[in-house]
Amino acid sequence: MSVRRRTFGIIGGGAIGWSVAYQLAKTRRRTDESIVVFDASLAGASSWAGAGILPPATRFESTDPMEQLQKLSREAMPLWSRELKQLSGIDNEFHVCGGVYVAQTSGEHASLIGLRQFWDEMGIEGLPLEADSWNQRFPWFANQIPREKCRLIFEVPGEAQLRNPRHLAALRRACEVLGVETRALTTEQAARLQLSASATGPPTLEWGASESWNCEQFVLATGSWTSALLRRWFGTTDRFADVFPIKGEMLLFDATTPLFSTIFNVGTRYIVPRLDGHILVGSTEQEAGFFAEPTEEGRSQLLEFVEQTLPDLLRFKLVKHWAGLRPASFDQMPIIGRLNQCPDLIVASGHFRSGLQWSIGTALCVAALLRHELPPLDLRVFQPSR
Ligand SMILES: Cc1cc2nc3c(=O)[nH]c(=O)nc-3n(C[C@H](O)[C@H](O)[C@H](O)COP(=O)(O)OP(=O)(O)OC[C@H]3O[C@@H](n4cnc5c(N)ncnc54)[C@H](O)[C@@H]3O)c2cc1C
């Protein structure tokens, strides 16, 4: 059995795991600090499947930890995107494209009123649109949804997006350039993965092969698979530390040239234009365990949404349909912190619908914890044992 020793081992190569690896690599404290990412590229991994919408953060000094996480992430995103492009040669297409929020039904109206109050409190610009501005500024939308058929429309100029598969590829490549190792695991190896704490030395990670890894500290960033691993390794976990998958399906159209540039939001559904004319339609929400295949029902729901909102989109070719598993937690807050049962293991999971937008903030916090430094925000509410 060959035993490999490293400083930091990151289990899971999604937006969270790679962001932690990148933050550690670009701020190495010692030349001998070594970082390895273990990933199995499991079907249903969320970060590749998401839409990459980045809502604006509060302009104020918020005391709400979720808002702080959002602000930390959003403020660092332009710099990270530039750095990643320079290091990797891959453009993640981060840009502030703005968003519109449309309410047609009374339920959508009520939730948009609530959202507006939230924007006001956070100092986020949300501009009500009447017929003139709707028709002039958003003609492609207005031709299909006349203003008089909507109860309310708001424009949020600060909404941004990134192309998440490219962001992941850029993070991974930049990490490689900065000397981060990758250990790819098969699905079978991932199923056998075992982390053992030791009273006298660092924890050991193994999967029944002829190698094992001793890292001074590990990070568990395995998205929806986190609780299954924790239960296997340490028995029952706290109820609130539980993470479970919520499946989301997405459609991709190819309009070949850009038709519009602003994200179109209705309730929890959205239409996101990429810079090259591809258009995402998302997303469904369903508890289906670890079944990550797209379904006919999901496809119909999304097509119906397009039919009822922007039916002209149906003239273009539907090029892809996929599903991903969002890592949800019981109290809808991410889990970021050391595990009582194994203090050399930090959990970073449960980001549900916001893992792309909160990934940098999470990485800054986890990197500080790993180095026994003060994290940039108070993590008590995110503790696994809460
Ligand atoms: C349809 C959809 C739309 C979304 N839209 C947005 C959006 O617009 N904005 C936003 O911020 N968020 C969005 N999200 C949510 C976001 O994608 C997630 O919150 C985020 O990607 C979670 O990242 P993660 O790294 O925790 O998990 P994942 O991306 O799932 O990564 C976990 C990784 O761990 C690996 N792994 C698991 N078990 C093992 C094991 N035993 N051994 C080795 N590796 C293992 C997996 O292979 C995977 O690569 C969306 C999600 C979906 C599904």
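When reading the values below, keep in mind they use all heavy atoms of this one structure, side chains included, and skip hydrogens, waters and symmetry mates. Just so you know, ligand 1 is whichever comes first in the structure, and atom 1 is the first atom listed for that ligand.
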Which residue and atom name correspond to the protein heavy atom nearest [atom], and how close is it?
atom: atom 22 (C) of ligand 1; answer: Pro327 CG, 3.8 Å
atom: atom 24 (P) of ligand 1; answer: Ile16 CG1, 3.7 Å
atom: atom 45 (C) of ligand 1; answer: Thr222 CG2, 3.8 Å
atom: atom 46 (C) of ligand 1; answer: Asp39 OD1, 3.5 Å
atom: atom 14 (N) of ligand 1; answer: Arg353 O, 3.8 Å
atom: atom 16 (C) of ligand 1; answer: Ser46 OG, 3.5 Å
atom: atom 9 (N) of ligand 1; answer: Ile53 O, 3.1 Å
atom: atom 11 (O) of ligand 1; answer: Gln357 N, 2.9 Å

Any nitrogen or oxygen of [X], side chain or backbone, less than 3.5 Å from one on ligand 1?
X: Phe352; result: yes
X: Ala190; result: yes
X: Leu325; result: no
X: Gly355; result: yes
X: Ala45; result: no
X: Leu185; result: no

Report, in ascending order of atom number, the atoms of ligand 1 lying under 4.0 Å from any heavy atom of [X].
X: Gly50; answer: 2 (C), 3 (C), 4 (C), 5 (N), 50 (C), 51 (C), 52 (C)
X: Trp225; answer: 30 (O), 37 (C), 38 (N)
X: Ala15; answer: 25 (O)
X: Ser41; answer: 47 (O)
X: Leu229; answer: 41 (N)
X: Gly324; answer: 53 (C)
X: Met250; answer: 1 (C), 3 (C)
X: Ala40; answer: 43 (C), 44 (N), 47 (O)

Tell me whether ligand 1 is touched by [X] - counting only heavy atoms on the residue side and a distance under 4.0 Å.
X: Ser224; value: no
X: Tyr270; value: yes
X: Ser354; value: yes
X: Gly52; value: yes

Checking Phe290, Phe352, Phe330 against Phe244 for ring-ring contact (aromatic ring centres under 6.0 Å, His included), the one that qualifies is Phe330

Are side-chain heavy atoms of Ile11 and Phe218 found at a separation under 4.5 Å? yes

Does the side chain of Arg274 reach to within under 4.5 Å of the side chain of Leu280, using non-hydrogen atoms? yes

Electrostatic pair [X]:[Y] at N-O distance under 4.0 angstrom:
X: Arg371; Y: Glu33; value: yes
X: Glu176; Y: Arg172; value: yes
X: Arg147; Y: Glu130; value: yes

Can you classify the ring geometry of Tyr22 versus Trp80 as parallel (below 30°), tilted (30 to 60°) or perpendicular (above 60°)?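 It falls in the perpendicular class, over 60°.
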
According to a 4.5 Å side-chain heavy-atom criterion applied to Ile, Leu, Val, Met, Phe, Trp and Tyr, with indirect links allowed, do Leu364 and Leu54 form part of one hydrophobic cluster?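 Same cluster.
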
In terms of heavy-atom contacts, Phe154 and Pro128 come closest through CD2-N, 3.4 Å

Minimal non-hydrogen separation, Asp39 against Gly13, with atom names: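 Heavy atoms of Asp39 and Gly13 come nearest at OD1-N, 2.8 Å.
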
Less than 3.5 Å apart, any donor N or O on the side chain of [X] or [Y] sitting next to an acceptor on the other?
X: Ser329; Y: Asp331; result: yes
X: Arg137; Y: Thr262; result: no
X: Gln70; Y: Trp358; result: yes
X: Glu181; Y: Ser34; result: no

When the ring centroid of Trp140 is compared with that of Phe264, is the distance short of 6.0 Å?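 No, too far apart.
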
My understanding is that we take every heavy atom of each candidate and find the minimum distance to atom 23 (O) of ligand 1. Doing that for Gly223, Ser47, Gly14, Ala184, which one comes out nearest?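 It is Ser47 that holds the nearest heavy atom.
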
Quick check for you: to the nearest 0.5 Å, what is the distance between Arg192 atom CZ and Thr187 atom OG1? 11.0 Å

